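The structure displayed is predicted, hence computed values, not measured ones. What's counted below: heavy atoms across the whole structure, side chains too, no hydrogens, waters or symmetry copies.
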Amino acid sequence: MRLGYKHQKDHLIANRYWNNTILPLLSNGSLQHAVDGTYAYPNRIGLYPGMSCQFFCSFCGRNYNAKYKQQDIEQSFEVFQSIIDQDPKQGDHWQDRFRISGGLEPLTNPHIGKIISYGNAQGFKMQMYTNGYALSEKFIEKQPGIFDLEMMRISLYGHDADSYYKVTKNKKGYDIVLKNIKNFCKLVEQNKSKIKLGVNFIILPGHADDLIDVFNMIQDINATCGYGISFITLREDFSQSANYISHDERQKLHKIFIDIEKQTDIHIDYGYALHNVRHGIMSGPIAMATHEQMDRYGFPQIATSVDSLGNFYVYHESNFLERPGSTRYIIGNAQNKSIEQIVRDHLNGEGISAQPYDVGYLDAFDHTATLLLHEAKQYKQQGLDWIKELENKWKNTKLQ
């Protein structure tokens, strides 16, 4: 059965922004609170339990020399337990509150299985993003809570040993991750777990053909047993390198996307920028915010993240232990205050004046939310109905 996109020229391409991002944030009220600067419990909270990482990717913002103290590692479960316990469980989709990610690699936390199981027992659909390096059979025996996940997405950094090494600087990366994924698929099938397994792959400039090898890799994995990878998220590198995929290569990618969809039955999520390419529109990379467009208060009502120390960060990519300059975006600590008080105190404070380099603290979602919030506030300052203006622009803009 083919689950790819249908090629329809009358597709409302802006509806992807509207349906996937804007409308949900309007429906749960978090965007309204962010625009008005009023309190709301965070719609999404990223749990960043990682203690270290096995890879040394050049695009990563982590401080290679930073280390957690043993006491912090031992107390990390209690920190995340407290965060889960105080959740108000209000709204239509409170079960989707938490995303376990990083920051650093989450599987390096010795309590990761307990964190997952505890959240699951409280009714949350726990999701985790990992590099898969530590996901060995022996590791899973010690961390059976992994099977309580709702979803796990493994980031792929190549399609063979050489490509993996060029990105991660780990010579064993590819072989270990490939072996771990195959073994994990077998274990999930044996345990009759309902985990949704997916992968993520970033397409770098000049590497369009790598995508074919990645799908061959997925096909090899899925041939292992009846259970396998069910979806892939494809993204374009949005780092500040200004080295983007060319127009010609986007046209090449369009053809590759069409060909791959004819040969695979896994769901392909192209994201915003590559979704355009899939439909033959070479509109360029995802729009990124400038530091002038970064709101003084960010949008903690919409999303925030917390590390193993209990520090709450405004932006996702600022949440790295001892990343230079990132402490400016810590708005409070959950070991000293409740999450509600952290958000309220931040909104009642002076906010944070963004510097030019601060855009490096934003991930793809942060860029989108920052631009959305900036645009909405501009409409509001002009005395316009900002919700209606956003709807006119993003819901009703047709593919040209």
Side-chain angles (χ1 to χ4, degrees), residues 5 11-47 83-84 86-101 119 122-127 129 150-151 153 196 231 233 267 269-273 275 286-287 289 293 295 297-306 312 314-316 339-340 342-344 346-347 362-382 384-399:
Y5 287 91
H11 182 78
L12 292 174
I13 209 145
N15 275 359
R16 188 165 181 81
Y17 282 93
W18 179 260
N19 292 327
N20 291 13
T21 302
I22 303 175
L23 185 57
L25 297 181
L26 285 172
S27 298
N28 60 40
S30 60
L31 181 56
Q32 179 79 57
H33 282 287
V35 172
D36 295 341
T38 53
Y39 168 78
Y41 199 83
N43 177 55
R44 291 283 184 271
I45 299 178
L47 304 181
I83 291 167
I84 293 170
Q86 62 184 284
D87 196 285
K89 296 183 178 180
Q90 297 174 346
D92 294 336
H93 303 288
W94 62 264
Q95 299 94 335
D96 296 321
R97 180 95 63 210
F98 301 115
R99 301 287 190 275
I100 299 175
S101 183
Q122 305 307 310
F124 294 98
K125 298 177 181 179
M126 304 299 285
Q127 303 184 27
Y129 305 89
E150 174 80 10
M151 183 277 290
R153 192 181 74 180
K196 299 179 183 71
F231 69 92
T233 54
H267 175 70
D269 179 345
Y270 294 102
Y272 296 117
H275 178 72
I286 186 173
Q293 295 169 316
D295 193 86
Y297 298 94
F299 36 83
Q301 309 94 326
I302 295 174
T304 184
S305 63
V306 58
F312 269 80
V314 176
Y315 300 112
H316 294 90
I339 296 175
E340 178 178 346
I342 288 173
V343 175
R344 288 189 182 278
H346 174 60
L347 295 176
L362 279 62
D363 67 3
F365 176 83
D366 292 337
H367 277 289
T368 300
T370 295
L371 290 170
L372 177 62
L373 180 59
H374 178 72
E375 184 177 2
K377 283 194 170 185
Q378 284 191 318
Y379 289 139
K380 184 179 180 180
Q381 290 171 1
Q382 296 170 29
L384 301 173
D385 183 337
W386 62 268
I387 297 179
K388 184 177 180 180
E389 294 298 325
L390 289 178
E391 183 174 4
N392 287 337
K393 177 177 179 179
W394 294 108
K395 182 180 179 180
N396 302 316
T397 302
K398 290 188 178 183
L399 181 67

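For the ring-ring contact (aromatic ring centres under 6.0 Å, His included) test with Tyr315, the passing option among Phe299, Phe365, Tyr297 is Phe299; the others fail. When Gln301, Gln32, His33 are each tested for a side-chain hydrogen bond (donor to acceptor under 3.5 Å, both in side chains) with Thr38, only one passes: His33. Each of Ile387, Asp385, Leu384 was scored for a side chain to side chain contact (heavy atoms under 4.5 Å, CB included) with Tyr379, with one residue passing: Leu384. Each of Arg44, Met151, His316 was checked for a side chain to side chain contact (heavy atoms under 4.5 Å, CB included) with Arg99, and the lone residue meeting it is Arg44.
Considering only heavy atoms from C-beta on, Ile84 comes within 4.5 Å of Phe98 through its side chain. Using a 4.5 Å heavy-atom threshold, the side chains of Val343 and Pro42 count as touching. The closest side-chain heavy-atom distance from Met126 to Glu150 is not below 4.5 Å. Looking only at side-chain heavy atoms (C-beta outward), Gln122 and Lys89 come within less than 4.5 Å of each other. In this structure, Gln90 and Tyr41 have side chains that are not in contact, with every pair of non-hydrogen atoms separated by 4.5 Å or more. With contacts defined as side-chain heavy-atom distances shorter than 4.5 Å, the pair Asn28/Asp92 does not qualify. Residues Gln293 and Leu371 form a side-chain contact, since some pair of their non-hydrogen atoms from C-beta on lies under 4.5 Å apart.
Under the side chain to side chain donor-acceptor pair (under 3.5 Å) criterion, Arg153 pairs with Thr233, sequence neighbours left out.
Rounded to the nearest 0.5 angstrom, Lys125 NZ and Asp96 CG are separated by 5.0 Å. Distance check: Thr304 OG1 to Asn43 CG gives 12.0 Å after rounding to the nearest 0.5 Å. Distance check: Thr370 OG1 to Ile302 CD1 gives 9.0 Å after rounding to the nearest 0.5 Å. If you take NZ on Lys196 and CZ on Phe231, they are separated by 9.0 Å, rounding to the nearest 0.5 Å. Atom CG of Leu23 sits about 11.5 Å away from atom CG of Leu390, to the nearest 0.5 Å. One finds the CH2 atom of Trp94 at 7.5 Å from the CG atom of Asp87 (value rounded to the nearest 0.5 Å).
Sorted by first and then second residue, the salt bridge (Lys or Arg N to Asp or Glu O under 4.0 Å) pairs with a member in residues 363-382 read Asp36-Lys380, Asp295-Lys377, Glu375-Lys393; sequence neighbours excluded.
The two atoms that bring Val314 and Gly298 nearest to each other are CG1-CA, 3.8 Å, heavy atoms only. Across every non-hydrogen atom of Ala289 and Leu362, the tightest pair is CB-CD2, 4.4 Å.
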